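Notes follow the structure.
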Protein chains: 2
Amino acid sequence: MKKRSDIRDVAARAGVSLSTVSRVLNDRTENHMRPETREKVLKAIRDLNYAPVKAAQTLRRLRTKMLGIVVPDITNLYFTLLARGIESIAFEQGFTTLICDSNHQSERETQYLDMLRSEDVEGIIFVPVGKADGNSLDAILDQGIRVVLVDRRIPNLPTVEVDNYAASFGLAEYVLNLGYRKVAYIAGPEDVSTGEDRLAGLSDALASKGLTPVAICRGDFTFESGYSCALSVLSETGVDAILAANDLMAFGALRAAEELKKSVPKDLGVAGFDHVPHVPYATFMHPELTTVEVPIYELGQKAALLLIDEKDESIKLPTKLIRGGTCREQ
Amino acid sequence: MKKRSDIRDVAARAGVSLSTVSRVLNDRTENHMRPETREKVLKAIRDLNYAPVKAAQTLRRLRTKMLGIVVPDITNLYFTLLARGIESIAFEQGFTTLICDSNHQSERETQYLDMLRSEDVEGIIFVPVGKADGNSLDAILDQGIRVVLVDRRIPNLPTVEVDNYAASFGLAEYVLNLGYRKVAYIAGPEDVSTGEDRLAGLSDALASKGLTPVAICRGDFTFESGYSCALSVLSETGVDAILAANDLMAFGALRAAEELKKSVPKDLGVAGFDHVPHVPYATFMHPELTTVEVPIYELGQKAALLLIDEKDESIKLPTKLIRGGTCREQ
DNA sequence: GTGAAAGCGCTAACAC
DNA sequence: GTGTTAGCGCTTTCAC
């Protein structure tokens with residue numbers, strides 16, 4: 001930001017006034033402009049390699065054209081794809097996105113929310129770590145910044161998600177129909193709605209067959225937590241299937257099963273939830289994980305659209321059951 | 001951005017002047033301020049839920065405190081970790097980062113570079129897709145925006161990288177010492193310095209034993225390209241080792257080997273380059289991939305530091321050879 | 001069709 | 001110690 005030419009340099013060089021330059025810049029052709037004037041200005045802009053100072057435009061218009069994204073873990077492909085979905089819409093609408101990775105820490109999350117507020121983003125797409133910081137959120141809402149949640153619910157805020165309850169119910173039903181009966185569940189943290197919905201769906205599916213989960217272990221959606229949950233669950237007698245609240249934990253469970261020499265799907269059925277597609281490493285998995293596909297990229301697009309179009313509604317997108325090979329007839 | 005209180009509202013409510021509020025905001029305590037005054041202001045700020053308008057500060061200071069990041073693929077954990085490294089430094093120094101994912105398209109890359117310029121970022125950390133767009137880059141440099149490359153070189157621009165040549169040489173030597181002789185190489189695109197350095201290191205290591213590569217196939221650092229390169233290379237007779245310019249392509253090669261029922265490391269040695277650590281899925285790989293660890297997070301940190309401290313130097317960080325199980329004594 | 005001038009919210013001299 | 005004031009670069013009425 002130095003030795004930089006400003007709008008008056010351009011005006012001077014083109015021999016016109018500031019307003020004329022501004023009009024060219026903003027395509028304000030309501031009062032038709034003489035083409036040659038326009039050309040002169042354009043030439044001056046090119047000659048001077050002029051670019052408007054965004055801050056000045058923003059200050060004047062009181063619009064930043066920026067969107068914030070807050071996710072718990074950007075190294076998780078699931079959230080990367082979400083960000084890409086959001087960005088695909090934002091970019092074509094002239095919005096810039098600020099991606100914030102709270103790294104599963106709510107303190108960090110609060111810092112980022114405050115930061116986004118002071119950056120005056122026009123909207124925030126938010127995937128809270130757990131129970132979000134009410135104060136920061138209120139301050140944001142107070143200021144008139146719109147917030148859309150993705151894949152998580154908070155009372156009174158619009159959400160873009162899938163029907164986790166129904167999908168989990170369906171998955172559990174599928175697994176039960178394959179003959180598995182002693183089902184353990186690796187759940188998400190209690191303060192994450194998504195996880196609770198999935199747990200409820202599973203429980204109700206089991207209940208409909210007169211069953212209850214053999215064990216419920218609380219994980220935190222990480223590979224490691226899935227692994228250690230599975231280790232402890234597998235020491236309980238008679239578990240014949242482990243379902244997890246997301247794929248990452250299911251992978252952890254598979255790892256544990258492998259170490260304990262449990263054969264999947266014969267000794268043990270395993271299923272996840274999410275199905276992040278196109279993970280190259282995952283193609284090494286034989287068999288492929290049984291899971292539910294969540295259209296995360298599209299969830300991101302919908303969320304961005306809601307923000308940009310200033311709509312205040314919640315949306316649910318459909319899921320798809322992936323009949324992988326980690327659950328099979330016994 | 002509505003019904004928002006500004007600095008004069010705060011001043012009025014606290015019964016002080018604008019400058020006093022500004023001083024509190026900016027911790028300008030050079031002329032000691034009466035603590036009670038400070039308190040009054042702080043209270044007013046809290047009461048009004050006041051937050052300064054960033055655009056106004058930026059305009060006044062002519063500093064955006066923003067950094068841009070441009071990477072070819074944000075779904076690649078390698079670049080995600082790079083971004084995290086950058087962010088870790090940026091955040092603690094009060095900088096905001098704009099992450100741009102060019103998605104391997106140079107057109108997109110150019111758009112993002114232009115966007116970052118018009119956002120007036122103070123510096124850009126850049127991993128070009130291939131040969132970067134000279135025009136956009138020149139415009140950026142012209143404007144006094146500093147650019148640091150990571151893991152890639154462009155003449156006259158500072159770079160933070162590892163010694164790819166030496167590391168690749170060392171890896172190849174290691175593989176040759178294990179007894180492999182008929183080495184094929186899955187290279188990167190010709191216009192990426194990193195890949196060329198690695199290729200040169202490998203070639204020279206082979207040459208030092210009087211050997212040449214049995215085949216060289218050009219990939220583009222994706223899993224798919226590694227897979228198809230390996231398929232074609234393995235149809236050549238007598239290949240006993242495939243090295244790839246990055247891990248992702250090596251994974252693709254492993255996949256191909258598996259399909260062709262080649263036993264690794266017995267029939268075929270495989271090695272990669274990068275070693276993105278902590279990929280959960282990768283723990284399913286038995287054996288672990290032989291590769292070179294590149295400290296990408298630290299590269300990011302160094303790059304951010306160079307930008308923020310306005311230093312104009314290039315830096316090389318050390319690598320580490322990972323003796324995985326995909327290459328072994330024959 | 002084009003120009004002049006006010007002011008977006010804030011910071012930093014400079015007064016007092 | 002605290003207040004007054006002049007812009008930062010731009011957009012946008014309102015004149016002409």
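Predicted, not measured: the structure shown is a model, and the values here were computed from it. Heavy atoms only: backbone and side chains are in, while hydrogens, waters and symmetry mates are out. Sequence lines set the chain letters: A, B, ... in the order given, protein chains first and strands last, and positions in each chain run from 1.
- Under a 4.0 Å N-O distance rule, the pair B:Arg38/B:Asp27 qualifies as a salt bridge.
- One cannot find a donor-acceptor pair under 3.5 Å joining the base of C:dG1 and the side-chain atoms of A:Arg38.
- Between the P atom of C:dG9 and the CG atom of B:Leu48 lies a distance of 14 Å, rounded to the nearest Å.
- Atom P of nucleotide D:dC10 and atom CD of A:Gln57 are separated by 7 Å, given to the nearest angstrom.
- Contacts of A:Ser22 with the nucleic acid, taken as non-hydrogen atoms under 4.0 Å apart, include base atoms.
- Residues A:Ala56 and B:Arg60 each lie close to DNA chain D; by heavy-atom proximity, the contact nearer the 5' end of the strand is made by B:Arg60.
- For the pair B:Leu59 CG and C:dA12 P, the computed distance is 13 Å after rounding to whole Å.
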Please list, one pair per line, the donor and acceptor atoms closer than 3.5 Å that link side chains of residues 82-89 of chain A to other protein atoms, with sequence neighbours excluded.
{"unit_1": "A:Arg84", "atom_1": "NE", "unit_2": "B:Asp101", "atom_2": "OD2", "d": "2.7"}
{"unit_1": "A:Arg84", "atom_1": "NH2", "unit_2": "B:Asp73", "atom_2": "OD1", "d": "3.0"}
{"unit_1": "A:Arg84", "atom_1": "NH2", "unit_2": "B:Asp101", "atom_2": "OD2", "d": "2.9"}
{"unit_1": "A:Arg84", "atom_1": "NH2", "unit_2": "B:Asn103", "atom_2": "OD1", "d": "3.3"}
{"unit_1": "A:Glu87", "atom_1": "OE1", "unit_2": "A:Thr97", "atom_2": "OG1", "d": "2.8"}
{"unit_1": "A:Glu87", "atom_1": "OE2", "unit_2": "B:Tyr112", "atom_2": "OH", "d": "2.1"}
{"unit_1": "A:Ser88", "atom_1": "OG", "unit_2": "A:Gly85", "atom_2": "O", "d": "2.7"}
{"unit_1": "A:Ser88", "atom_1": "OG", "unit_2": "A:Gln301", "atom_2": "NE2", "d": "2.9"}

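- Note: CG (A:Leu18) to C1' (C:dG7) measures 14 Å, nearest angstrom.
- At least one side-chain nitrogen or oxygen of B:Thr37 sits closer than 4.0 Å to the OP1 or OP2 atom of D:dT2.
- Counting to the nearest Å, the C1' atom of C:dG9 and the CG atom of A:Asp120 are 10 Å from each other.
- Rounded to an integer number of Å, the gap from B:Glu39 CD to D:dG1 P is 17 Å.
- Put simply, the side chain of B:Arg23 and the base of D:dG3 share a donor and an acceptor less than 3.5 Å apart.
- Straight-line distance from the OH atom of A:Tyr50 to the P atom of D:dG9: 10 Å, rounded to whole Å.
- For the pair A:Lys40 NZ and C:dG1 C1', the interatomic distance rounds to 12 Å; values are reported in whole Å.
- Summary of the strand contacts: B:Lys54 and A:Ser19 both lie near DNA chain C, and taking for each the nucleotide with the nearest heavy atom, the more 5' one is attributed to A:Ser19.
- B:Arg63 has a carboxylate O that lies under 4.0 Å from a charged side-chain N of B:Glu122, or vice versa, which qualifies the two as a salt bridge.
- Here B:Arg34 does not reach the OP1 or OP2 of D:dG1: none of its side-chain N or O atoms lies under 4.0 Å away.
- Contact record, A:Leu81 with A:Tyr297: O-CD1, 3.5 Å, taken as the closest heavy-atom pair.
- Residue contacts for B:Thr20: at a heavy-atom cut-off of 4.0 Å it reaches the sugar-phosphate backbone alone, with no base atom in range.
- Under a 4.0 Å N-O distance rule, the pair A:Arg13/A:Asp9 does not qualify as a salt bridge.
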